[in-house]
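The structure under discussion appears below in the form of structure tokens.
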Amino acid sequence: MTDEKSLNFLEEIVEKDLAEGKYKTIVTRFPPEPNGYLHMGHAKSICLNFGLALKYGGKTNLRFDDTNPVTEETEYVESIKNDIRWLGFNWAEELYASDYFEKLYEFAVTLIRKGLAYVDDSTSEEIAKQKGTPTTPGTDSPYRNRSVEENLKMFADMRAGKYRDGEKVLRAKVDMAHPNMHMRDPLMYRIKHAHHHRTGDKWCIYPMYDFAHGQSDSIENITHSICTLEFIPHRALYDWFIEKLEIYPSHQYEFARLNMTYTVMSKRKLLQLVNEKHVSGWDDPRMPTLSGVRRRGYTPASIREFCDRIGVAKRENLIDVGLLEFCVREDLNKTAQRRMVVFDPIKVVITNYPEGKIEMLDGENNPEDPNGGTREMPFSREILIEEEDFMEVAPKKYFRLAPGQMVRLKSAYIIKCDDVVKDGSGKIKELHCSYIPESKSGSDTSGINVKGTLHWVCAKHAVPVEARLYERLFKVEDLGDAEGDFKDYLNPDSLQIKTVYAEPALLKDSNDLRFQFLRKGYFVMDPDSIPGKPVFNRTVTLKDMWAKKN
RNA sequence: UGUCCGAUGGUGUAAUGGUAACACUGCAGAUUUUGGUUCUGCCUUUCAAGGUUCGAAUCCUUGUCGGACAACCA
């Protein structure tokens, strides 16, 4: 292989570390907090962490960062595991920060003994005031110089439940004048008499992120701890705890999180959309959650490809959602079986076709796949075509049906439009056409060349199906840039539901749930489907040069 | 008005002192029983000013712009 792909900056670091013998093998981790559903931003992180280990022969742990019992639930643990597996990755070990609570407690005691941590009675408001501001130094807490013995005793009492929530905290003793706000005596432990999804009521003190994450990495011998840019200022603290504790030195590296056009990518905002019922749930096909894009019909391969194409760097970015759509079209074009479905039907009567005759025609399942096989579709005197495929007065480059004009019916015959039948109000009721018997698809001896090919369904055999057509959730490209409430920019037309008419094979001999509705887009069957009432979600439309120009 | 991070076509990402490239988008054309796919071509790029150097997107200085940081969240 000569198609050497250039390395991203993290791959460069890993290769350098490996080459220098710093590590024999690398260990990464994916550390979600089980307080919400995974989204495309997580997919980027998952592909990065698991991808790195896969590429360099290391391993990746799944570690739930469950240090805040108030917001975390087992339900989320299950959905997260499910999403990672769906994406196609396997973790080496399933771990929890809460597994380390006892160890973390010991670490805290160690720091107290070293005079590097103290129990503070200040209220949260007082502590906030002590912190100062980014441009002015903080001030020491009046409790900063308690004796080691007193701190040890009080910390033990905190654990023993002798205090109420918020009454005391454990703080690291670093430097209240540090230019980095995170180094101004950060909190290590807070009191929360809350039930934890794994440890139950065993604990009433819980470590903060900064006192849990790095140490958890260290315990697991994580070599490369990869997180997003906003943790850059935390790195000094991450290193400080590891240094003072003299434990395995994991290292933190930061990359820029994923932003996509026309959507939001924060758990908080996504939760809001769910709670305020702007969408049907976390798995609403318009959501950028993994459960949402899965239901929308995106394939794991297309998402992995997307994550590969967007790259990894440290600069802020806003990825065009069109790239995601490109990736799924690229995948589905090769794999999805073709079916014909008419959305806005207009009846065509083929006047020279025998009444009562039904012919079974063969149609390719997938022209991109030579082994894709064929399916049968009924053809008769009355068929349905798309309303927009006929124009009474056609512009110059219109290849579709118009009075006197000929088109090919896909996998069937060439027809010519002879008559437009209207009702009393002048509305078109049906089209009268004649077909060319010797133009049958596959054995065409007519010698006629037509420019346009239309999809169609047999009127008698058409199966009504519910189609859910999705557009972008928001009206503006860059939500980060938009003034005011992001919900003001919701696209009111992001979901359109309509009854459409499908060829019978859509519901019969199909062993896959993903299809290309010819000339319409890629669709996937929705779990809302019940026997006799199928529902299909539009994953993405086909590229349509004609529509774009008109 | 502090510390830290960043700045390359419309959007992303490369080029690691030696001809600024790849993908997506856009535009034009060819092929096509999907106005799809495929193929071809084109458009468009180094934040600014100084400096180092034979040579700078890359190194140095200053500036400009964007972002992060003051939750008992992660």
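Because the structure is predicted, anything quoted here is derived from the model rather than measured. Naming convention: chains lettered A, B, ... in sequence-line order (proteins, then strands); numbering from 1 in each chain.
We find that A:Glu359 and A:Lys440 are joined by a salt bridge, their nearest charged nitrogen and carboxylate oxygen being less than 4.0 Å apart. Ionic pairing of A:Asp121 and A:Arg146 is present here: one or more N-O contacts between side-chain nitrogen and carboxylate oxygen are shorter than 4.0 angstrom.
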Could you list the donor-acceptor pairs under 3.5 angstrom formed between side-chain atoms of residues 540-550 of chain A and any protein atom two or more places apart in sequence or on another chain?
unit_1: A:Asp544; atom_1: OD1; unit_2: A:Trp546; atom_2: N; d: 3.2
unit_1: A:Asp544; atom_1: OD1; unit_2: A:Ala547; atom_2: N; d: 3.0
unit_1: A:Asn550; atom_1: ND2; unit_2: A:Trp546; atom_2: O; d: 2.6

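A donor N or O paired with an acceptor N or O is found under 3.5 Å between the base of B:U33 and the side-chain atoms of A:Arg408.
Contact annotation: A:Thr123 side-chain N/O to B:C72 OP1/OP2 distance is not under 4.0 Å. Between A:Lys548 and B:G26, a side-chain N or O to OP1/OP2 separation shorter than 4.0 Å is present. An OP1 or OP2 oxygen of B:C22 is reached within less than 4.0 angstrom by no side-chain nitrogen or oxygen of A:Arg309. Between A:Arg257 and the phosphate of B:C5, there is no side-chain N or O to OP1/OP2 separation shorter than 4.0 Å. Remark: A:Lys543 is in phosphate contact with B:U37, judged by side-chain N or O atoms under 4.0 Å from OP1 or OP2. Taking only side-chain nitrogens and oxygens, A:Arg338 never comes nearer than 4.0 Å to OP1 or OP2 of B:U34. Of the side-chain N and O atoms in A:Lys192, one or more sit less than 4.0 angstrom from OP1 or OP2 of B:C73.
Looking at RNA chain B, the stems built from 3 or more consecutive Watson-Crick or G-U wobble pairs, each pair with its key distances under 3.5 Å, are B:2-7 with B:64-69, B:10-13 with B:21-24, B:26-30 with B:38-42, B:47-51 with B:59-63.
When the nucleotides B:U13, B:U1, B:C72 are ranked by their closest atom to the side chain of A:Arg315, B:U13 comes out on top.
In this structure A:Arg338 satisfies the salt bridge (charged side-chain N to carboxylate O under 4.0 Å, His left out) test with no other residue, sequence neighbours excluded.
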Quiz item: Stepwise, does the ring pair (Phe, Tyr, Trp, His ring centres under 6.0 Å) test hold for A:Phe107 with A:Phe241?
Solution: CA-CA 9 Å; A:Phe107 284 152; A:Phe241 281 129; 9.7 Å; no

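In this structure, A:Phe231 atom CZ and B:C73 atom P are separated by 14 Å, rounded to whole Å.
Counting non-hydrogen atoms under 4.0 angstrom, A:Ile310 reaches the backbone sugars and phosphates but no base.
A perpendicular orientation is assigned to the rings of A:Tyr189 and A:Tyr105, their planes being inclined by more than 60° (bins at 30° and 60°).
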